[in-house]
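A quick write-up on the structure given underneath.
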Amino acid sequence: MYVIRMLALTTFLLGAVSARAGDNHTLRAFGGHEGVIRVTTEFVGRVVQDRRINHYFAHANGGRLIQLVSSQICEALGARRVVGLGPAL
């Protein structure tokens, strides 16, 4: 249930800030790129551990998944993409 709530919140936030692309205030509120990576790492870690949905990610590269999701969030916040791989799960 936590994963679903986090996904819904993330979707809401991305939709709310996409109209304000280019405003770095929102990115700073997340703690910059490092904050986005930290939140994404926690989220992906929870998804991978959730037995109800982890089979969808059984063959995924955890670091690459973190990078792609972080980049998507940063782009929605109007910032540049995240460069480099996220930490290993």
Side-chain angles (χ1 to χ4, degrees):
M1 190 57 141
Y2 176 80
V3 172
I4 293 171
R5 280 188 266 150
M6 286 297 294
L7 185 58
L9 176 62
T10 302
T11 303
F12 170 76
L13 290 173
L14 290 177
V17 300
S18 64
R20 295 178 12 184
D23 180 10
N24 284 331
H25 174 73
T26 308
L27 179 63
R28 285 193 304 271
F30 271 90
H33 289 94
E34 295 79 18
V36 170
I37 292 170
R38 192 170 36 254
V39 169
T40 304
T41 301
E42 176 71 22
F43 176 72
V44 170
R46 288 176 184 261
V47 167
V48 170
Q49 292 176 358
D50 189 330
R51 292 182 300 156
R52 296 168 294 178
I53 59 174
N54 64 2
H55 61 277
Y56 293 112
F57 303 94
H59 302 290
N61 176 326
R64 179 86 172 129
L65 181 60
I66 291 168
Q67 178 190 13
L68 293 174
V69 173
S70 296
S71 291
Q72 184 176 14
I73 292 171
C74 285
E75 284 185 15
L77 295 174
R80 63 177 169 74
R81 301 180 117 186
V82 175
V83 178
L85 295 176
L89 292 177

Atom CD in Q67, atom OG1 in T41: separation rounded to 0.5 Å? 11.5 Å
Inter-residue atom distance H33.NE2 - T40.OG1, 0.5 Å rounding: 11.0 Å
Looking at E42 and R46, is any side-chain nitrogen of the basic one under 4.0 Å from a carboxylate oxygen of the acidic one? yes
After noting the C-alpha distance and the side-chain angles of V47 and I53, does the key distance pass the side chain to side chain contact (heavy atoms under 4.5 Å, CB included) rule? CA-CA 7 Å; V47 167; I53 59 174; 3.7 Å; yes
At what distance, to the nearest 0.5 angstrom, does OG of S70 lie from CZ of R38? 11.0 Å
Shortest non-hydrogen contact between L65 and V44, atoms and distance: CD2-CG1, 3.7 Å
Once you round to the nearest 0.5 Å, how far does CZ of F57 lie from CG of D50? 10.0 Å
Just wondering, do V39 and I73 contact through their side chains at under 4.5 Å, heavy atoms? no
V36/L77 under side chain to side chain contact (heavy atoms under 4.5 Å, CB included): CA gap, chis, key distance, verdict: CA-CA 10 Å; V36 170; L77 295 174; 4.2 Å; yes
Spatial distance of atom CZ (F30) from atom CD1 (I37) [nearest 0.5 Å]: 13.0 Å
